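Start at 1 and go down the list; that is how both ligands and their atoms are numbered. Small disclaimer: the values here were computed from a predicted structure and weren't measured.
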Amino acid sequence: MQFPEYRGRRLRKNDHFRRLIRETRLSVDDLVYPLFAVSGRDIKKPIASMPGQFQLSVDHLVKEARAAFELGIPAILLFGIPAKKDEQGTGAFAADGIVQQAVKKIKHELPDLLIVTDVCLCEYTSHGHCGIIEKGKVLNDETIEVLAETALSQAKAGADMVAPSAMMDGQIAAIREALDENGFEDLPIMAYSAKYASAFYGPFREAAQSAPQFGDRKAYQMDPSNADEAIREISLDVNEGADIIMVKPALPYLDIICRAKQEFDLPLAAYNVSGEYAMIKAAAKQGWLDEEKAMMESVTAIKRAGADILITYWAKDLAKCLAGR
Ligand code: PBG
């Protein structure tokens with residue numbers, strides 16, 4: 001194929017042709033909307049680095065979840081900010097913990113909305129690490145027991161799916177076992193399989209007040225330089241029983257999304273993280289780029305790379321744009 005027999009512009013000349021040959025289509029069905037639950041009443045606290053996102057007390061969470069549901073978004077992903085943090089992160093698995101309360105209430109009000117819960121300790125520990133600490137080190141095998149207990153308590157509260165994000169070895173197997181032993185063999189796990197130690201989580205750490213108080217997360221989250229290792233991490237999770245695999249962040253890791261889609265036959269989620277959202281919001285506020293177009297291009301790219309499921313703070317805006325087409 002070559003010019004002048006082939007002219008790519010023939011099929012690009014107007015919107016009808018462009019629609020006809022479009023390869024990637026976004027749908028509201030793909031979206032998962034992350035939300036932050038805080039204890040208290042009537043709290044809707046804006047997150048400065050994530051314009052349009054809030055820390056919400058349960059009463060407001062129900063409203064926000066309903067708005068998402070009415071827009072046709074199939075699922076929310078819940079994070080919790082407990083009233084008190086401690087060394088062991090006990091708020092993560094307390095029967096009346098913030099996420100457990102939120103799940104119960106939202107499930108009661110909106111039984112058909114899928115509730116996914118983040119399973120991690122960083123929001124609940126005073127030191128901000130994703131696990132149990134001893135002598136400055138995050139212990140793996142002790143942590144996965146606590147993660148399993150956390151997932152189980154979320155399941156008991158009524159979560160539809162759990163999403164472990166701590167990047168501890170063996171966490172999926174530990175959680176699967178705890179769920180199965182307690183009659184939750186039907187509850188799926190969405191595994192944050194390839195989660196990188198990323199600077200793009202900055203705004204989230206403000207949102208969840210979960211920045212590590214010492215050191216960093218490089219001893220458990222992945223080195224951004226590595227791709228083969230991501231494939232190893234994903235295979236481990238698949239073998240341990242993950243139902244959905246995830247790559248996180250999304251935009252700087254489209255190559256990983258693309259490889260994961262080719263190498264595994266499980267549904268693949270991509271997390272369009274807080275920093276990816278904040279960058280565009282900030283530039284748009286300056287008038288430096290068009291937010292809606294940049295949002296659409298970002299999520300289209302993530303889908304084109306191979307993601308089946310998009311976890312994004314733009315879920316509501318996207319649902320509205322898609323409905324308006
Ligand atoms: C950890 C967790 C993080 C995010 C989701 N789960 C932060 C981290 O690892 O520091 C980040 C999400 C985002 O940046 O939007 N529980």
Side-chain angles (χ1 to χ4, degrees), residues 31-37 47-55 76-82 85 89 91-93 97-99 116-132 138 143-144 146-147 150-151 154 159 161-168 171-172 175 189-224 233 244 246-253 269-282 295 298-299 302 307 309-315:
L31 304 175
V32 177
Y33 183 32
L35 290 170
F36 300 96
I47 300 161
S49 53
M50 298 173 71
Q53 306 300 313
F54 303 84
Q55 293 180 343
I76 58 168
L77 172 60
L78 274 187
F79 295 93
I81 303 133
K85 304 189 186 226
F93 52 85
I98 178 64
V99 161
V116 188
T117 47
D118 184 75
V119 183
C120 195
L121 300 185
C122 61
E123 297 119 65
Y124 305 93
T125 50
S126 42
H127 45 73
H129 276 285
C130 303
I132 305 299
V138 178
T143 298
I144 61 177
V146 184
L147 293 172
T150 301
Q154 295 168 344
M161 178 156 72
V162 292
S165 69
M167 284 303 277
M168 296 295 131
Q171 62 181 8
I172 304 304
I175 290 171
I189 301 176
M190 175 164 74
Y192 287 72
S193 304
K195 177 174 175 182
Y196 286 87
S198 174
F200 292 99
Y201 306 151
F204 175 93
R205 291 176 188 174
E206 181 204 332
Q209 292 157 3
S210 62
Q213 299 303 302
F214 66 89
D216 52 41
R217 303 206 202 289
K218 291 183 189 160
Y220 39 103
Q221 298 180 348
M222 282 183 53
D223 181 343
E233 284 287 346
I244 296 176
M246 194 202 297
V247 173
K248 181 185 170 192
L251 280 182
Y253 299 90
Y271 200 139
N272 178 221
V273 302
S274 57
E276 300 173 49
Y277 173 85
M279 283 194 294
I280 290 176
K281 283 278 182 188
M295 162 186 84
S298 299
V299 293
I302 297 165
I309 298 168
L310 285 168
I311 304 170
T312 177
Y313 301 99
W314 275 301

Worked verdict on Tyr201 versus Gln221 for side-chain hydrogen bond (donor to acceptor under 3.5 Å, both in side chains)
CA-CA 12 Å; Tyr201 306 151; Gln221 298 180 348; 4.9 Å; no
Is there a donor-acceptor contact under 3.5 Å from the side chain of [X] to the main chain of [Y]?
{"X": "Gln53", "Y": "Met50", "result": "no"}
{"X": "Tyr220", "Y": "Val138", "result": "no"}
{"X": "Lys85", "Y": "Gln209", "result": "yes"}
{"X": "Ser193", "Y": "Ala191", "result": "yes"}
{"X": "Gln154", "Y": "Val99", "result": "no"}

Counting heavy atoms only, which of Glu206, Arg205, Glu276 comes nearest to atom 8 (C) of ligand 1?
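It is Arg205 whose heavy atom sits nearest to atom 8 (C) of ligand 1.
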Begin with the C-alpha distance, continue with both residues' side-chain angles, and end with the deciding distance and a verdict on side-chain hydrogen bond (donor to acceptor under 3.5 Å, both in side chains) for Glu123 and Ser210.
CA-CA 5 Å; Glu123 297 119 65; Ser210 62; 5.5 Å; no
To the nearest 0.1 Å, how far is [atom] from its closest protein heavy atom, and which atom is that?
{"atom": "atom 12 (C) of ligand 1", "value": "Phe204 CD1, 3.3 Å"}
{"atom": "atom 5 (C) of ligand 1", "value": "Lys248 NZ, 2.5 Å"}
{"atom": "atom 15 (O) of ligand 1", "value": "Tyr313 OH, 2.5 Å"}

[X] near ligand 1, heavy-atom distance under 4.0 Å?
{"X": "Tyr277", "value": "no"}
{"X": "Lys195", "value": "yes"}
{"X": "Met167", "value": "no"}

Side chain, backbone, both or neither: Ser274 near ligand 1, heavy atoms under 4.0 Å:
both
Ligand-side contact atoms (ligand 1) for residue partner [X], heavy atom cut-off under 4.0 Å:
{"X": "Cys122", "answer": "1 (C), 16 (N)"}
{"X": "Tyr271", "answer": "12 (C), 15 (O)"}
{"X": "Asp118", "answer": "6 (N), 16 (N)"}
{"X": "Ser165", "answer": "1 (C), 2 (C), 6 (N), 16 (N)"}
{"X": "Glu123", "answer": "16 (N)"}
{"X": "Phe79", "answer": "5 (C), 6 (N)"}
{"X": "Gln221", "answer": "8 (C), 9 (O)"}

Tyr192 and Tyr271 aromatic ring geometry - parallel, tilted or perpendicular at 30°/60° bounds:
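The arrangement is tilted - the two ring planes meet at 30° to 60°.
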Any idea which heavy atoms bring Pro203 and Ile47 closest together, and the distance?
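Here Pro203 and Ile47 meet closest at O-CG2, 4.4 Å.
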